[in-house]
There are 2 protein chains.
Amino acid sequence: MTLSEENYLKAIYHLEPLSKKGVTTNALAEEMQTKASSVTDMVKKLSEKGYAHHKKYQGVTLTNKGKGIAIDIIRKHRLWEVFLVNKLNFSWDEVHEVAEQLEHIKSKKLISQLDAFLEFPTHDPHGDPIPDKTGKINTVDKILLSEAKTGDHCICVGVQDSSSNFLKYLDKNKIALGSAFEVSHKEPFDNSVTIRIENRDLIISNIITSNLFVKIS
Amino acid sequence: MTLSEENYLKAIYHLEPLSKKGVTTNALAEEMQTKASSVTDMVKKLSEKGYAHHKKYQGVTLTNKGKGIAIDIIRKHRLWEVFLVNKLNFSWDEVHEVAEQLEHIKSKKLISQLDAFLEFPTHDPHGDPIPDKTGKINTVDKILLSEAKTGDHCICVGVQDSSSNFLKYLDKNKIALGSAFEVSHKEPFDNSVTIRIENRDLIISNIITSNLFVKIS
DNA sequence: CATAAAATTTAGACAAATCTAAAAATTTGT
DNA sequence: ACAAATTTTTAGATTTGTCTAAATTTTATG
Ligand SMILES: [Mn+2]
Ligand SMILES: [Mn+2]
Ligand SMILES: [Mn+2]
Ligand SMILES: [Mn+2]
């Protein structure tokens, strides 16, 4: 497994659920910040090596073998993000880039010991579930805030977009994982939402509500 | 800086002190487990980029710029080794290979935070000094056990060879960094040495004594 | 359904890092 | 000192991952 192959597997894994069929060449090229022709070459290679299914012009999907590797990389990525936040005092908007590098370190023992050192965390700093060592992922029962109804009592449990800009916006408005609030008003005109959080009212746009995962409590 | 360039700079840095002149192509090839022709190519590149001095057939030395990068890689390598031993319960013979990967992770903040998290260690698990963030290295006053005289009271402060086999031999014989012992006899015939350590006598060969660093106390 | 547009693949090239084999320079040994 | 041995460099090829430009296939549209 080369670094590039690992990154492609991860990208395919993330894109697969967004499209009933296989992942398209252009979608992968966009995700990987590369050209469609490069994607075709790599997809062909992954397919020859048994990590992906691919028929010309028909998009790509992962084999079980490919999926297993992708999940393993994601597990490492998220464990490292927990390490950076919980042990090295990184904030949640600073960890992704470093985790992108750390996820490729190869050592079974390193990851199992890190997992133990972090006391077997189940979620990363963005609320995403950490696959266990067998690849099982505990999916949480969460919805987008934009789906919540007026009067719902919510707990923030994750973010859809984990860009630094969005996370900093949340910080500025004192919204973090675990924050509790009530949907006090939904404005039909622009789909903005007023939430009551820690005794203050906060109006947030539909851009925000459609990137925040919550659990109704 | 590519991964390969970093590894060459580190190798040159380690070999430079062993040879008054520049580091030879063959020595570098041996250290890097590669062919002399590959070394020539890389040395030419490092030289063009200003990391090394190189005149055809005359060996290679580092520029200050190259030395700075090499020291930075070594700093990261040794900090990660401390992390693996002190926090993740690796033993000192298991850390090198993983640190070889971790040393190439690029993040200023990661290293400064890791340094703080480890409480600013000065030496790695093998007794080697950890350069500070400015590149300064605190050289210790240590000698090889083979240089010690009969009657000398020693404290083990480092290893010359940090191969897994050697470190496991030391473990087996309960010799660790910080162990104190006295040189009770030096056998002229084979240069083996008898040491008195924790109330037992231990005979060790000249292979061992010439790979153990001690401080005379 | 027949083109036009868009997506995808192929062909050919390139940079990085390596290799083998051959040539050139240096060092060694008598 | 000079031929032989050794070391180092060069020349040319290979692999990986990328690119541009052209060809092909699929999808959209009148
Ligand atoms: Mn991330
Ligand atoms: Mn994350
Ligand atoms: Mn090491
Ligand atoms: Mn070490």
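Side-chain atoms are counted along with the backbone in the values below, which use heavy atoms only and exclude waters and symmetry mates. Every chain is numbered from 1 and lettered A, B, ... according to where its sequence line falls, protein lines coming before strand lines. None of the values given here were measured: they were computed from a predicted structure.
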To the nearest Å, how far apart are [X] [atom1] and [N] [atom2]?
X        : N       : atom1 : atom2 : answer
Leu46(A) : dT16(D) : CG    : P     : 13 Å
Lys35(B) : dT10(D) : NZ    : C1'   : 17 Å
Glu48(B) : dT9(D)  : CD    : P     : 13 Å
Glu5(A)  : dT18(D) : CD    : P     : 10 Å
Met1(A)  : dT16(D) : CE    : P     : 12 Å

Going by atom types only, do [X] and [Y] share a side-chain donor-acceptor pair under 3.5 Å?
X         : Y         : answer
His14(B)  : Glu31(B)  : no
Ser163(A) : Asn165(A) : no
Asp171(A) : Trp92(A)  : yes

Q | Given DNA chain D, 5'-ward residue of the pair Ser37(B) and Thr34(A), judged by closest heavy atom | A |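 It is Ser37(B) whose nearest nucleotide is closer to the 5' end.
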Q. When you measure from the side chain of Thr2(B), which nucleotide among dA16(C), dC19(C), dT18(D) comes out closest?
A.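 The nucleotide sitting nearest to the side chain is dA16(C).
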(Q) I'd like to know if the side chain of Lys76(A) reaches the main chain of Ile105(A), judged simply by a donor and an acceptor atom lying under 3.5 Å from each other, with no hydrogens or angles considered. (A)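 Yes; at least one donor-acceptor contact below 3.5 Å.
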Q) Would you call Glu103(A)-Arg75(A) a salt bridge at under 4.0 Å N-O? A)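 Not counted as a salt bridge, because no side-chain N and carboxylate O are separated by less than 4.0 Å.
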**Q.** Salt-bridge contact Lys10(B)-Glu100(B) (side-chain N to carboxylate O under 4.0 Å)
**A.**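 Looking at Lys10(B) and Glu100(B), the cut-off is met.
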Q: Determine the contact category for Ser38(B): base if any of its heavy atoms lies under 4.0 Å from a base atom, sugar-phosphate if only primed atoms, P, OP1 or OP2 are that close, otherwise nothing.
A: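 Touches a base.
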Q. Which nucleotides of nucleotides 3-8 of chain D have their base under 4.0 Å from a protein heavy atom (B), which only their sugar-phosphate (S), and which neither (-), written as one string 5' to 3'?
A. ----SB
